[in-house]
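Every chain is numbered from 1, with letters handed out A, B, ... down the list of sequences.
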Amino acid sequence: MSLDDWLARDAVTVARELIGARFLVDGVGGTIVETEAYDAGDPASHSFPGPTARNAAMFGPIGRAYVYRIYGAHWCFNIVCDRTKGGSAVLIRSLEPTDGLDHMRDRRGLTDPRALCSGPGKLCQALAIDKALDHAPLDRPPFTLQPRPPARDLAIGPRIGITKGADTPWRFGLRGSPFLSRRFP
DNA sequence: GGTATGATTGACT
DNA sequence: GTCAATCATACCA
């Protein structure tokens with residue numbers, strides 16, 4: 001099964017199954033421990049109002065990166081999936097660092113491994129993800145994305161930092177991981 | 001042209 | 001727990 005086929009499912013399914021996957025940029029990264037689904041037709045999704053210059057990647061091919069700047073200061077990294085409805089993606093919120101820890105420490109100016117990738121903005125800084133990777137395909141360098149068998153103990157809760165759709169439980173995480181951006185309810 | 005807002009983080013009480 | 005920084009983006013005139 002190709003990566004694109006694996007990603008060609010609805011955002012909630014992909015978000016659940018990405019927990020435990022291996023994700024690297026230029027050999028730096030680790031295991032995904034927290035994601036959020038943003039589905040087409042979801043008021044919280046950037047794709048909800050329709051295509052714009054910023055969210056164009058969400059309306060493009062499956063298996064590409066959607067990278068955007070938030071609060072004028074941080075990057076957020078998403079994986080574009082399910083195109084049947086146009087505009088679905090999964091936000092990668094945190095990683096358990098396993099590869100290239102020295103690069104991450106240099107970029108983040110920190111040493112505590114729990115603080116390197118425990119949030120969408122932190123993870124992008126640690127992995128040097130920015131606008132240049134918007135639209136980039138995930139099945140080739142600099143990316144490595146390897147799905148793994150689904151995590152056994154999945155935590156589920158409402159998504160973080162949004163005002164619309166705030167009750168929809170589309171945040172997924174590896175229960176008990178010390179590398180989450182926040183605890184689950 | 002102007003203005004409102006945010007899928008966050010880090011510092012502080 | 002609370003709060004402000006900070007600017008690209010989106011939208012309106």
Side-chain angles (χ1 to χ4, degrees), chain A residues 7 10-19 21 23 25 32-60 64-82 85-97 104-136 138 145 154-174 177-185:
Chain A
L7 292 171
D10 68 279
V12 175
T13 300
V14 173
R16 291 178 64 103
E17 298 199 8
L18 275 172
I19 302 299
F23 175 63
V25 179
I32 296 173
V33 296
E34 186 182 347
T35 61
E36 286 177 1
Y38 288 89
D39 200 358
D42 166 15
S45 174
H46 286 175
S47 63
F48 186 70
T52 65
R54 177 178 69 160
N55 67 20
M58 288 189 83
F59 292 90
R64 304 291 184 93
Y66 166 44
V67 181
Y68 66 90
R69 208 151 156 73
I70 188 65
Y71 292 105
H74 310 286
W75 299 101
C76 289
F77 171 79
N78 299 252
I79 294 174
V80 177
C81 58
D82 173 29
K85 288 171 285 188
S88 296
V90 175
L91 172 70
I92 308 303
R93 286 194 58 89
S94 42
L95 301 181
E96 174 177 343
M104 296 189 199
R105 292 191 184 102
D106 286 347
R107 292 164 180 161
R108 296 269 302 126
L110 297 165
T111 56
D112 185 347
R114 290 171 301 183
L116 292 175
C117 297
S118 54
K122 299 178 187 179
L123 164 171
C124 285
Q125 187 183 16
L127 273 59
I129 294 171
D130 64 17
K131 189 75 178 172
L133 292 174
D134 194 23
H135 292 92
L138 292 156
L145 179 60
L154 207 61
I156 303 176
R159 294 169 292 182
I160 291 176
I162 55 174
T163 53
K164 302 168 202 161
D167 296 329
T168 307
W170 282 357
R171 175 180 177 229
F172 304 97
L174 185 61
S177 170
F179 300 97
L180 298 172
S181 65
R182 296 196 199 176
R183 305 184 82 96
F184 276 80

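Pair assignment for C:dA10 gives B:dT3, based on Watson-Crick or G-U wobble hydrogen-bonding distances that are each under 3.5 Å.
If A:Pro49 and A:His74 are placed on DNA chain C by their nearest nucleotide, the residue sitting closer to the 5' end is A:His74. Along DNA chain B, the nucleotide nearest A:Leu123 and the nucleotide nearest A:Lys164 are compared for position; the residue whose nucleotide lies closer to the 5' end is A:Lys164. For the pair A:Ala73 and A:Thr52, both in contact range of DNA chain C, the more 5′-proximal nearest nucleotide belongs to A:Ala73.
At whole-Å resolution of the value, CG in A:Asp42 and C1' in B:dA7 are 10 Å apart. Atom CG of A:Leu91 and atom P of B:dG6 are 16 Å apart (whole Å). Going from atom CG of A:Asp134 over to atom C1' of C:dT9 covers 13 Å, rounded to whole Å. One interatomic measurement links the two molecules: OH of A:Tyr68 to P of B:dT5, which rounds to 18 Å at whole-angstrom precision. A straight line from OH of A:Tyr71 to P of B:dG10 spans 14 Å, rounded to a whole angstrom. Rounded to whole Å, atom P of C:dT9 lies 22 Å from atom CZ of A:Phe48. When rounded to the nearest whole Å, the span between CG of A:Leu116 and P of B:dG10 equals 11 Å. Summarising the geometry, the separation between CZ on A:Phe77 and C1' on B:dT8 is reported as 18 Å, rounded to the nearest angstrom.
Outside the 6.0 Å centre-distance limit, the rings of A:Tyr66 and A:Tyr38 are not counted as a close aromatic pair.
No donor-acceptor pair closer than 3.5 Å links the side chain of A:Asp39 to the backbone N or O of A:Asp42.
Taking the side chain of A:Met58 as heavy atoms from C-beta on, and the options B:dG6, B:dT8, B:dA7, the nearest nucleotide is B:dA7. Across C:dA10, B:dG6, B:dA7, the shortest atom-to-atom separation from the side chain of A:Tyr38 is found for B:dA7.
Applying the 4.0 Å criterion to OP1 and OP2 of B:dA7, one finds that A:His46 has a side-chain N or O inside that range. Phosphate contact (OP1/OP2 of B:dT9, side-chain N/O of A:Arg108, threshold under 4.0 Å): absent. Contact check, A:Arg182 against C:dG1: no side-chain N or O comes under 4.0 Å of OP1 or OP2. A close approach under 4.0 Å does not occur between any side-chain nitrogen or oxygen of A:Ser45 and OP1 or OP2 of B:dA7.
Residue contacts shown for A:Ser181 are absent, as no nucleic acid heavy atom lies under 4.0 Å away. Among the heavy atoms of the strands lying under 4.0 Å from A:Arg54 are primed sugar atoms or P, OP1, OP2 only; no base atom is included.
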Worked check of side chain to side chain donor-acceptor pair (under 3.5 Å) between A:Glu96 and A:Ser177: CA-CA 8 Å; A:Glu96 174 177 343; A:Ser177 170; 4.9 Å; no

CA sep, side-chain torsions, deciding dist, call: A:Gln125, A:Arg107, side chain to side chain donor-acceptor pair (under 3.5 Å): CA-CA 6 Å; A:Gln125 187 183 16; A:Arg107 292 164 180 161; over 6 Å; no

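The two residues A:Ser45 and A:Gly87 make their nearest non-hydrogen contact at OG-O, 4.0 Å.
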